[in-house]
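In what follows, every chain begins at residue 1, and chains take the letters A, B, ... in the order their sequences are listed.
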Amino acid sequence: MPELPEVEVTCRRIAPLLVGRKIRSVRTTADSYFFLTPPAEVAAALQGRTVSGVSRHGKYLRIEFEGGGCLVVHLGMTGQLFGSGVSSVRLLSATARASLAPEEQTAFEPDSHTHLHLRFEDGGADVYMRDVRKFGKVLVLGPGETHERLERLGIDALEVSGELLFSATRKRAVAIKSLLLDQVVLAGVGNIYADEALFLAGVRPTRRAARVTRKQCDGIADALRGILQRSIETGGSSISDYVAPDGSDGSYQDERRVYARAKQPCFVCGSPIRKTVIGQRGTHYCPSCQK
DNA sequence: ACCGCACCCTGAGCGC
DNA sequence: TGCGCTCAGGGTGCGG
């Protein structure tokens with residue numbers, strides 16, 4: 001489940017495969033709500049364009065073109081952006097990996113979930129976007145054009161401060177966790193990092209936002225920045241049953257304190273971690289450490 | 001303006 | 001073995 005760190009790592013790894021290269025042709029799947037811009041228009045808009053850069057805001061990626069305009073990509077829950085070369089192995093789903101013998105794992109073949117397939121004039125590695133559940137999104141923006149979804153995004157979560165959080169929480173009746181997940185307040189935080197940050201800050205996720213103190217807001221902001229930064233450093237791994245054979249993948253999953261640890265002992269006090277539901281999302285916390 | 005909830009999708013895991 | 005059920009969740013959009 002890609003959140004800010006996973007998107008940042010994807011951004012850094014995909015950039016060398018895109019920047020400076022001219023797109024020769026684009027293959028897409030059939031139209032679906034995955035395509036905010038219809039697939040035929042995406043293909044037409046990308047063909048012949050040269051990528052000038054890749055950037056990220058919150059969980060959104062922008063693949064920018066020389067002469068203006070860009071392709072906006074959101075990975076949703078299961079989105080993957082990767083090249084046909086060395087990086088493909090790490091970015092395939094656990095299922096796809098498990099079904100392949102180790103010696104076969106370098107040969108990715110586009111499947112029905114591969115919604116974009118980019119080929120380049122230089123004949124080098126292809127680039128794929130794959131998304132099994134289609135919660136991801138792609139859209140094309142012309143030069144200077146914007147989109148409401150992007151306009152509304154709050155400050156990137158790596159830049160969050162206690163002051164910002166404090167002012168955003170005033171008069172808000174929602175659970176503090178729901179507020180952290182609100183991309184209009186803060187862009188990039190997802191379910192895992194919200195739970196982890198609230199644990200580190202010692203704040204119970206069900207607490208109403210308006211009742212969180214200024215000091216606690218400072219704690220949450222510090223915890224968020226620290227966790228996101230640390231996760232990027234470790235490769236931005238998300239929670240998964242899969243363990244990379246070579247162990248070279250992101251390892252943040254090994255550092256989580258509460259997420260997906262229901263009934264297991266808290267690392268600080270030993271109390272069993274509790275699981276509840278907030279805003280349709282599984283929520284994990286220590287009943288003793290988080291007030 | 002704000003809040004809670006249904007919904008989009010597919011695969012994994014479970015019980016029978 | 002295989003069916004049917006439940007769960008996972010980012011984000012939108014609806015009704016209250």
Side-chain angles (χ1 to χ4, degrees), chain A residues 1-8 10 29-37 39 56-61 72-81 91-100 111-116 129-139 147-154 156-157 167-198 205-212 228 231 236-243 253 256 258-263 275-284:
Chain A
M1 47 200 91
E3 302 180 27
L4 187 151
E6 290 76 31
V7 179
E8 177 63 24
T10 298
T29 48
D31 196 11
S32 68
Y33 78 104
F34 173 82
F35 289 98
L36 291 183
T37 302
R56 178 196 63 76
H57 184 191
K59 301 173 193 171
Y60 287 86
L61 280 174
V72 176
V73 175
H74 192 293
L75 299 175
M77 275 289 296
T78 53
Q80 302 161 319
L81 193 61
L91 292 162
L92 283 174
S93 72
T95 312
R97 273 185 299 241
S99 68
L100 293 171
D111 58 6
S112 64
H113 302 305
T114 307
H115 303 297
L116 286 182
M129 159 125 203
R130 189 169 176 271
D131 186 0
V132 171
R133 292 187 198 170
K134 287 198 280 196
F135 279 16
K137 295 277 177 287
V138 295
L139 95 120
H147 189 278
E148 196 192 349
R149 293 190 192 212
L150 300 170
E151 292 281 281
R152 284 172 41 204
L153 288 179
D156 192 79
S167 82
T169 50
R170 295 310 90 186
K171 299 185 179 176
R172 294 294 302 270
V174 283
I176 180 64
K177 176 174 175 184
S178 294
L179 189 122
L180 295 182
L181 294 178
D182 185 347
Q183 304 297 300
V184 173
V185 173
L186 210 53
V189 178
N191 208 34
I192 298 169
Y193 299 105
D195 280 5
E196 294 296 314
L198 287 168
T206 49
R207 175 170 281 263
R208 289 184 181 250
R211 298 200 53 215
V212 178
L228 296 171
S231 184
S237 178
S238 12
I239 304 302
S240 164
D241 296 334
Y242 179 74
V243 178
Q253 66 205 36
R256 71 196 144 92
V258 288
Y259 187 82
R261 293 196 64 246
K263 296 179 182 174
K275 181 178 180 184
T276 183
V277 175
I278 296 176
Q280 318 290 102
R281 303 288 179 260
T283 299
H284 315 76

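- Between A:Q183 and C:dG11, a side-chain N or O to OP1/OP2 separation shorter than 4.0 Å is present.
- Residue A:R133 places none of its side-chain N or O atoms closer than 4.0 Å to OP1 or OP2 of B:dC8.
- Bending across the helix from B:dC2-C:dG16 to B:dC16-C:dG2, expressed as the angle between its end axes from five pairs apiece, amounts to 50° (10° rounding).
- Closest to the side chain of A:N191, out of C:dT12, C:dG9, B:dC2, is C:dG9.
- The shortest distance between the side-chain N/O atoms of A:K137 and the OP1/OP2 oxygens of C:dT12 is not below 4.0 Å.
- Closest contact between the side chain of A:V132 and the listed nucleotides B:dC8, B:dT10, C:dT12 involves B:dT10.
- With values rounded to the nearest 0.5 angstrom, A:R130 atom CZ is found 8.5 Å from A:T78 atom OG1.
- Taking 4.0 Å as the cut-off between side-chain N and carboxylate O, A:D156 and A:R56 count as a salt-bridged pair.
- Atom pair A:R170:CZ and B:dC2:C1' shows a separation of 16 Å (rounding to whole Å applied).
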Test side chain to side chain contact (heavy atoms under 4.5 Å, CB included) on A:H147 and A:L139; report intermediate values, then the result.
CA-CA 9 Å; A:H147 189 278; A:L139 95 120; 3.6 Å; yes
Does the side chain to side chain contact (heavy atoms under 4.5 Å, CB included) test come out yes or no for A:T29 and A:F35, once each step is laid out?
CA-CA 10 Å; A:T29 48; A:F35 289 98; 3.5 Å; yes
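- Note on A:H113: a side-chain N or O is less than 4.0 Å away from OP1 or OP2 of B:dG11.
- Protein atom OH of A:Y259 is 14 Å distant from nucleotide atom P of C:dC7, rounded to whole Å.
- One atom, NE2 of A:H74, and another, P of C:dG9, lie 15 Å apart when rounded to the nearest Å.
- For the pair A:M77 CE and B:dC7 C1', the computed distance is 15 Å after rounding to whole Å.
- With hydrogens and angles left out, the side-chain atoms of A:D131 and A:H115 include no donor and acceptor closer than 3.5 Å.
- Separating the CZ atom of A:R208 from the C1' atom of B:dC3 is a distance of 10 Å, rounded to the nearest angstrom.
- Tested against A:D195 for a salt bridge (charged side-chain N to carboxylate O under 4.0 Å, His left out), the candidates A:K275, A:R281, A:R261, A:K177 yield a single pass: A:K177.
- For the pair A:R281 and C:dA8, the criterion of a side-chain N or O lying under 4.0 Å from OP1 or OP2 is not met.
- At a threshold of 4.0 angstrom between heavy atoms, the contacts of A:G282 are confined to the sugar-phosphate backbone, with no base atom among them.
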I would like to know whether A:R149 and A:L36 meet side chain to side chain contact (heavy atoms under 4.5 Å, CB included); could you show each step before the answer?
CA-CA 11 Å; A:R149 293 190 192 212; A:L36 291 183; 3.5 Å; yes
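- Nucleotide C:dT12 holds its C1' atom 7 Å from the CZ atom of A:R149, rounded to whole Å.
- Whole-Å rounding puts the A:R130 CZ to B:dG11 P distance at 9 Å.
- Ranking C:dT12, B:dC3, C:dG10 by closeness to the A:Y60 side chain, first place goes to C:dT12.
- Among the nucleotides C:dG11, C:dA8, B:dC8, the one closest to the side chain of A:F135 is B:dC8.
- Nearer the 5' end of DNA chain B, as judged by each residue's closest nucleotide, is the contact made by A:R172, out of A:R172 and A:Q280.
- Of the candidate nucleotides B:dC5, C:dG11, C:dA8, C:dA8 has the atom nearest to the side chain of A:K275.
- Among all heavy-atom pairs drawn from A:S178 and A:I278, the shortest one is OG-CG2, 3.3 Å.
- As a whole-Å value, the separation of A:K59 NZ from C:dG11 C1' is 8 Å.
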